[in-house]
Trainee: 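Can you read through this structure? Questions will come right after.
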Amino acid sequence: MSKPEVGADRGPRSHRAEQMASKLLQRLRSTPLKEERGPGPPDEPPESAELVDDTEGLSLRLSGTLSLSEDSLASQESDGMGTSYLGSDGHGESKSQDENSSYTLLTKQLREMWERSQNVRIPIRLTFEVTDANIVQDAHAKYVLYTIYLLQTGQYDPSPAYISCRYSDLYHLKRRLLALFPSEMRGVSFPCKRVRKNFTPETIAKRSRAFEQFLCHVASLPALRASSAFLNFFYLRDIQKAQALTCAGLYKLALPIWTNSWRLQEKLCPSGPSTHRLLVLAGLVVCHQELDTLEEAQAFSERAVALLQDAQDKHISLLVPFLNAHIQLSWRVGIDKRESEALLQRLQETGHYNHNVPSLKEFLVKETIS
């Protein structure tokens with residue numbers, strides 16, 4: 001029997017193998033050549049393949065060796081991955097099933113871990129960050145003015161608040177807290193005073209980090225965080241400044257200060273009403289009303305009414321001015337005001353309402369902040 005000539009038809013199986021080999025050769029040719037490297041560990045072979053599980057959104061990296069035998073090429077064409085899972089013993093199908101089963105189990109475990117992590121509540125914590133430090137020279141002294149932001153970790157904080165203060169301001173806060181809470185302040189550190197090199201970048205950077213640690217430590221202690229000395233340090237001067245601007249009719253200048261004071265109180269203070277908290281709400285309502293941003297004025301008046309309804313008789317005298325403002329603003333923006341009108345009627349029947357109640361603007365003018 002004569003031998004077949006070279007180049008004769010070798011059947012569909014051989015033709016398919018040649019096609020797969022041609023595709024592989026084109027893939028290798030299209031791969032850019034790497035630069036020459038010096039001696040060292042060799043790179044991973046180009047046969048390393050990546051298996052992507054699109055169903056679960058995870059990527060698992062597998063390594064396999066390409067085989068150019070006809071049987072393995074047929075297997076590669078069927079799975080479309082270009083990777084052969086055939087072993088030397090020929091039991092490729094059972095090995096592939098075992099690997100798929102193990103990867104499916106791993107994917108399931110990772111998915112369960114991810115789902116459990118979504119149910120874990122991250123505690124919200126207050127943190128302090130010095131974002132800026134400027135050297136200021138005025139007629140009296142030269143000093144560094146630090147800008148410190150208050151941020152809530154554990155969630156997105158859309159309304160960060162900030163303060164600007166000097167070393168001496170924080171030093172007086174530390175002295176005040178040490179006099180009121182000697183045992184709690186025993187372990188709280190604070191940067192020492194320096195005679196020289198107070199304005200070098202190194203000193204400013206070290207003090208900035210020390211101020212952050214000091215404030216975070218104090219805020220982590222409930223007794224110190226709730227003390228009037230600590231709270232007033234952050235917003236008392238801003239409230240006094242905003243009150244003076246509002247009384248002078250400078251509403252555009254007063255509004256940002258009122259807003260920052262409110263954000264500071266939201267992060268620092270308990271949720272209940274206080275004189276300072278209600279004073280800030282009154283300033284926000286008045287300034288927004290005068291600047292014709294009525295929706296914001298109505299929202300803050302509603303917040304004040306809700307706080308005062310839960311309060312004791314200590315702040316009941318402020319409920320009527322806020323109710324009057326809330327009713328008027330709700331009518332102007334087209335929001336239902338019947339509930340506030342009913343509450344005002346009940347106050348009148350119980351003797352808490354009289355026609356000489358001051359307006360919110362009059363309350364701002366007369367209130368002494370301390």
Side-chain angles (χ1 to χ4, degrees), residues 159 161 228 231-232 235-236 238-370:
S159 56
S228 59
L231 296 176
N232 290 344
Y235 54 74
L236 183 60
D238 278 354
I239 293 178
Q240 293 171 340
K241 183 177 180 180
Q243 182 194 34
L245 292 171
T246 304
C247 294
L250 302 174
Y251 304 111
K252 282 188 177 181
L253 296 177
L255 183 57
I257 304 175
W258 286 125
T259 302
N260 188 64
S261 298
W262 174 251
R263 291 175 178 178
L264 288 169
Q265 290 183 338
E266 286 281 87
K267 298 178 191 306
L268 292 166
C269 299
S271 57
S274 66
T275 302
H276 288 159
R277 198 176 183 86
L278 295 171
L279 187 66
V280 171
L281 283 170
L284 288 167
V285 172
V286 170
C287 286
H288 278 296
Q289 189 172 9
E290 294 293 336
L291 296 173
D292 206 29
T293 49
L294 302 182
E295 290 81 4
E296 289 80 358
Q298 192 275 339
F300 283 116
S301 67
E302 186 171 328
R303 182 68 178 270
V305 170
L307 285 175
L308 287 166
Q309 283 183 280
D310 299 332
Q312 303 296 326
D313 292 339
K314 178 181 179 181
H315 301 288
I316 196 65
S317 60
L318 288 174
L319 181 56
V320 173
F322 275 111
L323 274 175
N324 286 329
H326 183 254
I327 292 171
Q328 180 187 6
L329 290 166
S330 297
W331 175 78
R332 294 182 66 181
V333 299
I335 296 178
D336 188 6
K337 55 185 175 60
R338 288 174 292 182
E339 185 176 348
S340 294
E341 290 175 333
L343 178 57
L344 189 62
Q345 180 66 29
R346 290 197 298 270
L347 290 174
Q348 187 174 5
E349 294 173 355
T350 56
H352 290 97
Y353 176 82
N354 61 75
H355 296 285
N356 296 324
V357 174
S359 65
L360 289 180
K361 188 181 293 187
E362 293 172 340
F363 164 67
L364 284 174
V365 172
K366 296 177 180 179
E367 185 67 21
T368 301
I369 303 174
S370 58

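Position 1 is the first residue of the sequence, and the numbers go up from there.
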Trainee: Restricting to side chain to side chain donor-acceptor pair (under 3.5 Å), what partner residues turn up for E295, sequence neighbours left out?
Mentor: none

Trainee: Please table the atom pairs, donor to acceptor, closer than 3.5 Å between any side-chain atom in residues 280-291 and protein atoms at least two apart or in another chain.
Mentor:
residue	atom	partner	partner atom	Å
H288	ND1	T293	OG1	2.7
E290	OE2	K361	NZ	2.8

Trainee: Quick one: salt bridge (Lys or Arg N to Asp or Glu O under 4.0 Å) pairs with a partner in residues 296-306, sequence neighbours left out?
Mentor: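 Residue pairs passing salt bridge (Lys or Arg N to Asp or Glu O under 4.0 Å), neighbours aside: E266-R303.
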
Trainee: Which atoms form the tightest heavy-atom contact between L245 and A254, and what is the distance?
Mentor: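 L245 and A254 have their closest heavy atoms at CB-CB, 3.7 Å.
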
Trainee: Shortest non-hydrogen contact from I327 to S340?
Mentor: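 So the minimum-distance heavy-atom pair works out to CG1-CB, 3.6 Å.
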
Trainee: Nearest heavy-atom pair of A161 and N260: which atoms, and what distance?
Mentor: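 Reported closest heavy-atom pair: CA-OD1, 3.5 Å.
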
Trainee: By the ring pair (Phe, Tyr, Trp, His ring centres under 6.0 Å) test, which pairs, at least two apart or in different chains, include something from residues 325-348?
Mentor: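 Listed by first then second residue: nothing to list.
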
Trainee: Working to the nearest 0.5 angstrom, can you tell me the gap between L360 CG and E367 CD?
Mentor: 12.0 Å

Trainee: Go through the structure and list residues passing side-chain contact (heavy atoms from CB on, under 4.5 Å) with L236, not counting sequence neighbours.
Mentor: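 For L236, the residues satisfying side-chain contact (heavy atoms from CB on, under 4.5 Å) (neighbours in sequence not counted) are N232, Q240, H276, I369.
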
Trainee: Within the structure provided, determine whether F363 and L279 are in side-chain contact (heavy-atom separation under 4.5 Å).
Mentor: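 Result yes, sub-4.5 Å side-chain heavy-atom pair found.
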
Trainee: Within a 6.0 Å radius of atom NZ on K241, are there more than 12 heavy atoms belonging to other residues, nucleotides or ligands?
Mentor: no

Trainee: Taking side-chain contact (heavy atoms from CB on, under 4.5 Å) as the test, write out the residues that go with D336, two or more places apart.
Mentor: R338

Trainee: If the condition is side-chain contact (heavy atoms from CB on, under 4.5 Å), which residues does A242 pass it with, not counting sequence neighbours?
Mentor: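 Residues passing side-chain contact (heavy atoms from CB on, under 4.5 Å) with A242: I257, W258.
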
Trainee: At what distance, to the nearest 0.5 angstrom, does CG of L308 lie from CG of L323?
Mentor: 8.0 Å

Trainee: Kindly indicate whether the side chain of I239, heavy atoms from C-beta on, has any atom under 4.5 Å from the side chain of Q265.
Mentor: yes

Trainee: Which residues pass the side-chain contact (heavy atoms from CB on, under 4.5 Å) test with E339, not counting sequence neighbours?
Mentor: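 So E339 forms no side-chain contact (heavy atoms from CB on, under 4.5 Å) with any residue.
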
Trainee: Hey, are the side chains of E362 and V365 touching, using non-hydrogen atoms and a 4.5 Å cut-off?
Mentor: no

Trainee: Rounded to the nearest 0.5 Å, how far does CG of L329 lie from CG of N324?
Mentor: 10.5 Å

Trainee: Looking at every non-hydrogen atom in both residues, tell me the closest pair between F322 and L278 and how far apart they are.
Mentor: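 Nearest pair, atom of F322 first, then L278: CZ-O, 3.6 Å.
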
Trainee: Output the distance between atom CG (L307) and atom CZ (R277), rounded to the nearest 0.5 Å.
Mentor: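 Result: 6.0 Å between the selected atoms.
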
